[in-house]
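Please read the structure below before turning to the comments.
Each chain gets a letter, A, B and so on, in the order its sequence line appears, and its residues count up from 1.
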There are 2 protein chains.
Amino acid sequence: MRRDPWQALADPTRRQIIEVLSKSPQTVNTIAENFAISRPAISKQLKILEKSALVTIEKQGRERVCTLTLAPLQEVQIWVQQYEAFWLKKLDKLDDYLKKEG
Amino acid sequence: MRRDPWQALADPTRRQIIEVLSKSPQTVNTIAENFAISRPAISKQLKILEKSALVTIEKQGRERVCTLTLAPLQEVQIWVQQYEAFWLKKLDKLDDYLKKEG
DNA sequence: AATTTGCGTAACCAATCGGTTATATTTATA
DNA sequence: TATAAATATAACCGATTGGTTACGCAAATT
């Protein structure tokens, strides 16, 4: 049941978890301290992030250390960049047009 | 009821609609031809895209012409790029470390 | 050995999602 | 003017989402 990074990033809480983990790897409880919702809710979101390969969870004693993996963001970035290119091309065409007609 | 672009982009059908519209503005039916799902389903998705400002829908006679607006993608791109920077910085640190210790 | 800590899991719930079919409305066409 | 075309809207539906509380269990602490 592999997860689509788009779907994983759709939720603001999950994006915030990523933000928190970008400072450093952290345990589940430490992450949860940043949020108003319950710890099991955070656990669930972490599992979703894990399934989309954005986070790896490593057992260390009774704690679980969560680490960010940014690789899946590439898919998103490439998709967006493709449209950035399209966008710039369109601007170029407009530019050409204005130069010819102007 | 303004929509989050992240949430709008979470659905693969909606991303595909964006792809279709990136060729040129199109009417609802023309868009729908690209998909196996019903036309009302496409209408719904278009409305979601409209609410997140990714698409504008203009009435022209009995047709509605849908045009792509890529501006909201900037929010996504900036968010992702911020982590690209983080990622590169981390690689730099690793590089420094390896040079010192190596 | 008993207790506390850190976490997962299960059961539940209301809201939202993404689709459907049926119907209504407006505009173009014969 | 009757009809066809393009589309929206409503009512409905099952699945998913994102949260909750209650409970269980292994590891650390006392």
Side-chain angles (χ1 to χ4, degrees), chain A residues 1-21 23-69 72 76, chain B residues 1-21 23-69 72 76:
Chain A
M1 204 222 298
R2 186 63 151 61
R3 286 262 182 175
D4 181 359
W6 285 105
Q7 205 269 339
L9 294 167
D11 183 69
T13 301
R14 285 194 292 268
R15 291 200 301 276
Q16 216 179 322
I17 290 178
I18 290 178
E19 205 180 314
V20 167
L21 286 179
K23 322 278 196 243
S24 70
Q26 291 178 48
T27 66
V28 177
N29 268 341
T30 330
I31 295 168
E33 279 168 15
N34 297 278
F35 299 87
I37 61 179
S38 70
R39 196 199 38 73
I42 297 291
S43 266
K44 272 192 178 183
Q45 304 293 25
L46 280 169
K47 196 166 232 175
I48 290 171
L49 288 170
E50 190 186 22
K51 274 178 186 156
S52 64
L54 279 159
V55 161
T56 56
I57 306 179
E58 191 194 353
K59 194 177 171 178
Q60 270 182 23
R62 64 181 163 185
E63 297 182 334
R64 313 282 163 122
V65 180
C66 306
T67 306
L68 195 56
T69 311
V76 174
Chain B
M1 204 224 297
R2 187 61 152 60
R3 286 260 182 176
D4 180 359
W6 285 104
Q7 205 268 337
L9 293 167
D11 182 69
T13 300
R14 286 195 291 268
R15 291 201 300 278
Q16 216 179 322
I17 290 179
I18 291 178
E19 204 180 315
V20 167
L21 285 179
K23 322 280 195 243
S24 70
Q26 291 177 48
T27 66
V28 178
N29 267 341
T30 329
I31 296 168
E33 278 169 15
N34 298 278
F35 299 86
I37 61 179
S38 71
R39 199 197 38 71
I42 297 291
S43 266
K44 273 193 179 184
Q45 304 292 26
L46 279 169
K47 198 165 232 173
I48 290 172
L49 289 170
E50 191 186 21
K51 273 179 186 156
S52 65
L54 279 160
V55 161
T56 56
I57 305 179
E58 191 194 352
K59 194 177 170 179
Q60 271 183 22
R62 65 182 161 184
E63 297 183 334
R64 313 283 162 124
V65 179
C66 305
T67 307
L68 195 55
T69 311
V76 173

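For the pair B:L9 and B:I18, the minimum side-chain heavy-atom distance is below 4.5 Å.
Atom CD of A:E63 and atom C1' of D:dT29 are 13 Å apart (whole Å). If you take NZ of B:K47 and C1' of D:dA8, they are 7 Å apart, rounded to a whole angstrom. Counting to the nearest Å, the P atom of C:dC7 and the CD atom of A:Q26 are 11 Å from each other. Atom CD of B:E58 is separated from atom P of D:dA6 by 18 Å (rounded to the nearest Å). Atom CD in B:Q60 sits about 11 Å away from atom P in D:dT7, given to the nearest Å. Rounded to an integer number of Å, the gap from A:R64 CZ to C:dC7 P is 8 Å.
Counting only heavy atoms from C-beta on, A:T27 has its side chain closest to C:dC7 among C:dC7, D:dT7, D:dA4.
Among all heavy-atom pairs drawn from A:T13 and A:I37, the shortest one is CG2-CD1, 4.0 Å. When all heavy atoms of B:A10 and A:A10 are compared, the closest pair comes out as CB-CB, 3.6 Å.
For B:N29 and D:dT7, the shortest distance from a side-chain N or O to OP1 or OP2 is below 4.0 Å. A sub-4.0 Å separation between OP1 or OP2 of D:dT7 and a side-chain N or O of B:K59 is absent.
A donor and an acceptor atom sit less than 3.5 Å apart, one in the side chain of A:R62 and one in the base of C:dT5.
Note: B:T67 OG1 to B:E58 CD = 6.5 Å, rounded to the nearest 0.5 Å.
Under the rule for a salt bridge (Lys or Arg N to Asp or Glu O under 4.0 Å), the partners of B:D4 that lie at least two apart in sequence or sit in another chain are A:R15.
A side-chain donor-acceptor contact under 3.5 Å links B:R14 to the backbone of B:Q7.
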| query | Tell me, for nucleotides 16-25 of chain D in 5' to 3' order, what letter each nucleotide earns: B for a base near a protein heavy atom under 4.0 Å, S for only sugar-phosphate near one, - for neither? | reply | -SSBBBB---
